[in-house]
Amino acid sequence: MENRAARVRNPLGIVEMLRPHFLSLGLGLLAAIGEGIANLLDPWPLKIVLDDVLRSQHNHGWLNRLIYSTFGSDKLAVLKFAVLAVFLIAVAGALCSYAEKYLTTSVGQWVMHDLRRTLYSHIQRLSLAYHDQKQTGDLISRVTVDIDAIQSFIASGLLGALVDFLTLLGMVGVMLYINWRFTLVALSVAPALFAIVYSYTRRIKKAAREVRKKEGEMASIIQEVLTSIHVVRAFGREDYEQRRLEEQSLESVEAALHARSLKARLAPLVEIIVAVGTCLVLWFGARMVLSGALSVGSLIIFVFYLAKMYKPMQDLSKMTDSFAKAAAGYERIKEVLDTDNRVKDLRGSKPAPHFKGAIEFDHINFSYNPETPVLKDVNLAIKPGQVAALVGPTGAGKSTIISLIARFYDPPSGVVKIDNVDIRRFRQKSLRSQISFVLQDTVLFHAPIWQNIAYGKPEASRKAVLRAAELANAHEFIEKLPEGYDTMVGERGATLSGGQRQRIAIARAIIRDT
């Protein structure tokens with residue numbers, strides 16, 4: 001699994017995204033071609049019955065000569081061939097259809113997996129400055145809903161569109177072979193049909209992107225409230241949050257109704273144009289049969305092809321919805337993947353050695369936005385083993401200084417040093433592996449207590465976990481829990497008191513130094 005998944009690192013382009021699945025797509029393409037051929041052959045047994053069994057004279061085309069030489073020239077033998085052909089064409093079409101759908105569904109699922117892991121990995125590595133500006137719900141929507149839209153299009157639309165296109169191409173070719181003038185009459189409405197489909201596709205795509213944006217904003221509100229439900233209930237703000245959600249939901253509904261209105265207009269327009277084409281075919285075709293310019297069998301196969309030809313056109317027009325959603329989702333995913341990480345490992349950076357612990361800030365300036373500076377020409381030095389406390393009012397920059405030491409942000413000017421070395425010369429992961437945090441907002445995961453303690457050092461032994469808990473004065477209350485260290489912690493530690501969460505967080509910080 002890991003070897004296969006590693007083949008897709010940054011699927012920014014359609015080709016790159018599908019490259020690992022070219023074999024499956026190639027086999028699916030062959031199946032799609034087989035399905036298209038089966039669609040082309042569908043009406044021919046009926047033509048044979050009409051022209052060679054029900055009529056008194058024999059035809060002398062290449063197909064008739066092949067039938068006569070293989071099955072015989074009597075009407076019963078030709079009828080047997082037509083019946084057998086109907087069955088074989090149906091079986092071949094069914095097998096090809098199954099293979100095409102199975103392969104495209106498989107490709108769609110794997111592309112969804114590749115995109116999800118790549119996008120999730122990229123989001124985790126983006127700087128905290130990016131996450132400070134982005135809504136969590138919107139990012140969740142991109143990882144779930146947008147990727148699912150791409151998967152749905154690949155599974156149901158990618159080769160399905162190809163089947164429809166091949167069917168159209170083949171039918172037009174056969175119709176031209178039967179009677180090219182009649183074919184031109186039938187296709188006279190095609191330019192108007194494709195013009196309308198193209199115009200509406202662009203408008204539907206734009207509307208679908210707006211719907212995705214509104215859904216992401218609504219998901220952000222829901223996520224924000226559910227993760228802060230204690231604050232909402234404590235201050236009695238349920239009605240306010242309800243109104244806020246309703247306002248955002250109404251905007252989402254309006255965007256969705258606009259998109260649906262565009263889609264609803266397209267289908268009737270296509271049906272009207274198709275009806276006009278059918279009327280033309282019936283009028284001119286019947287007159288040609290009456291004049292003897294066209295055989296009854298040829299007219300039937302022509303009308304059959306005409307109906308089959310317009311059906312793929314309608315399918316292609318309906319696929320604008322699926323395509324628009326996938327295109328909008330792809331653009332939103334690509335937007336995140338194209339975002340450059342502001343804090344990145346510099347070229348030539350090396351793994352950090354074991355630190356002694358000397359920390360120095362040399363003329364540091366920093367701000368989260370240009371209008372509000374947080375740190376101005378800060379200079380400080382902390383010796384190895386020294387206990388240091390930063391004291392100041394809210395907003396003075398205490399948390400910012402800690403974040404700069406861990407290189408969550410890079411200052412625009414000045415240098416942060418550890419053991420007299422610029423921390424930008426170290427790889428971020430190796431730097432942070434030697435730093436422990438007890439955050440003001442204690443965050444625990446939905447996992448057993450022992451796993452929360454060992455989060456910063458997954459390979460830690462059970463003995464090390466117990467030792468860290470004892471040093472953090474957490475062992476006593478953990479032992480009294482129903483399942484001890486195996487007790488599951490609720491989301492964000494909701495099943496524990498604030499003090500208990502803090503002690504587990506301290507144990508999590510201690511274990512990294514064991």
Side-chain angles (χ1 to χ4, degrees), residues 1-22 106-154 212 216 219-220 223 227 326-347 349-352 403 406-410 423-424 426-435 437 439 443-447 451-452 454-459 491-492 508 512:
M1 171 69 75
E2 292 184 1
N3 290 337
R4 193 214 65 78
R7 287 182 288 178
V8 177
R9 291 296 180 188
N10 193 19
L12 296 180
I14 297 296
V15 175
E16 289 79 7
M17 185 170 63
L18 297 176
R19 190 186 305 279
H21 314 285
F22 275 176
S106 176
V107 170
Q109 290 293 329
W110 281 117
V111 167
M112 179 174 66
H113 169 73
D114 291 334
L115 274 176
R116 185 179 291 143
R117 62 178 293 277
T118 302
L119 181 61
Y120 189 63
S121 175
H122 188 73
I123 288 174
Q124 288 192 92
R125 284 164 175 75
L126 287 173
S127 66
L128 291 185
Y130 176 84
H131 288 281
D132 291 341
Q133 299 169 1
K134 284 293 182 180
Q135 293 180 309
T136 304
D138 182 61
L139 292 177
I140 293 174
S141 177
R142 298 185 193 221
V143 176
T144 55
V145 179
D146 291 329
I147 289 179
D148 184 64
I150 294 175
Q151 182 271 332
S152 298
F153 174 72
I154 293 174
R212 282 285 179 271
S220 294
Q223 183 270 340
T227 55
Y330 176 74
E331 288 177 2
R332 281 164 51 82
I333 292 169
K334 191 172 183 294
E335 182 182 287
V336 177
L337 291 175
D338 284 344
T339 301
D340 192 22
N341 192 358
R342 298 183 188 178
V343 180
K344 64 179 74 174
D345 288 333
L346 302 181
R347 183 176 298 177
S349 59
K350 299 178 180 179
S403 296
R407 209 180 163 215
F408 292 146
Y409 305 91
D410 277 339
I423 62 173
R424 288 174 294 188
F426 304 132
R427 294 176 187 168
Q428 296 177 66
K429 193 169 184 179
S430 65
L431 168 68
R432 293 168 190 159
S433 67
Q434 300 188 55
I435 302 175
F437 296 89
L439 302 174
V443 177
L444 300 181
F445 297 94
H446 183 62
Q451 192 170 328
N452 271 281
Y455 186 78
K457 193 175 181 180
E459 71 278 7
E491 186 176 6
R492 298 179 65 86
R508 183 168 59 192
R512 299 199 74 174

Looking at Y455, I'd like to know if its OH atom is crowded, meaning that more than 12 non-hydrogen atoms belonging to other residues, nucleotides or ligands lie closer than 6.0 Å. no
Rounded to the nearest 0.5 Å, how far does OH of Y120 lie from NE2 of H122? 14.5 Å
Who passes salt bridge (charged side-chain N to carboxylate O under 4.0 Å, His left out) against D410, sequence neighbours left out? R407
With side chains defined as the heavy atoms from C-beta onward, is the minimum distance between L119 and D146 less than 4.5 Å? no
Can you measure from CG (D345) to CD (Q428) and round to the nearest 0.5 angstrom? 4.5 Å
Ignoring hydrogens, what is the shortest heavy-atom contact between R424 and S349? Give both atom names and the distance. O-CB, 4.2 Å
Using 0.5 Å steps for rounding, measure from the CD atom of E459 to the NZ atom of K457. 6.0 Å
At what distance, to the nearest 0.5 angstrom, does CZ of R142 lie from CD of E331? 11.0 Å
Looking only at heavy atoms, what is the nearest atom pair of S430 and P351, with distance? OG-CA, 3.5 Å
Report the distance from atom CG of D148 to atom CE of M112, rounding to the nearest 0.5 Å. 6.5 Å
Which heavy-atom pair separates A149 from A326 by the least distance, and what is that distance? O-CB, 3.8 Å
R116 versus V143: any side-chain heavy-atom pair under 4.5 Å? yes
I147 and L115: which non-hydrogen atoms are nearest, and at how many Å? CD1-C, 3.8 Å
Under a 4.5 Å cut-off applied to non-hydrogen side-chain atoms, are H21 and D114 in contact? yes
Can you tell me if N452 uses its side chain to pair, donor with acceptor, with the backbone of R508 under 3.5 Å? no
Neighbour count >12 (heavy atoms, 6.0 Å) for atom CZ, F22: yes
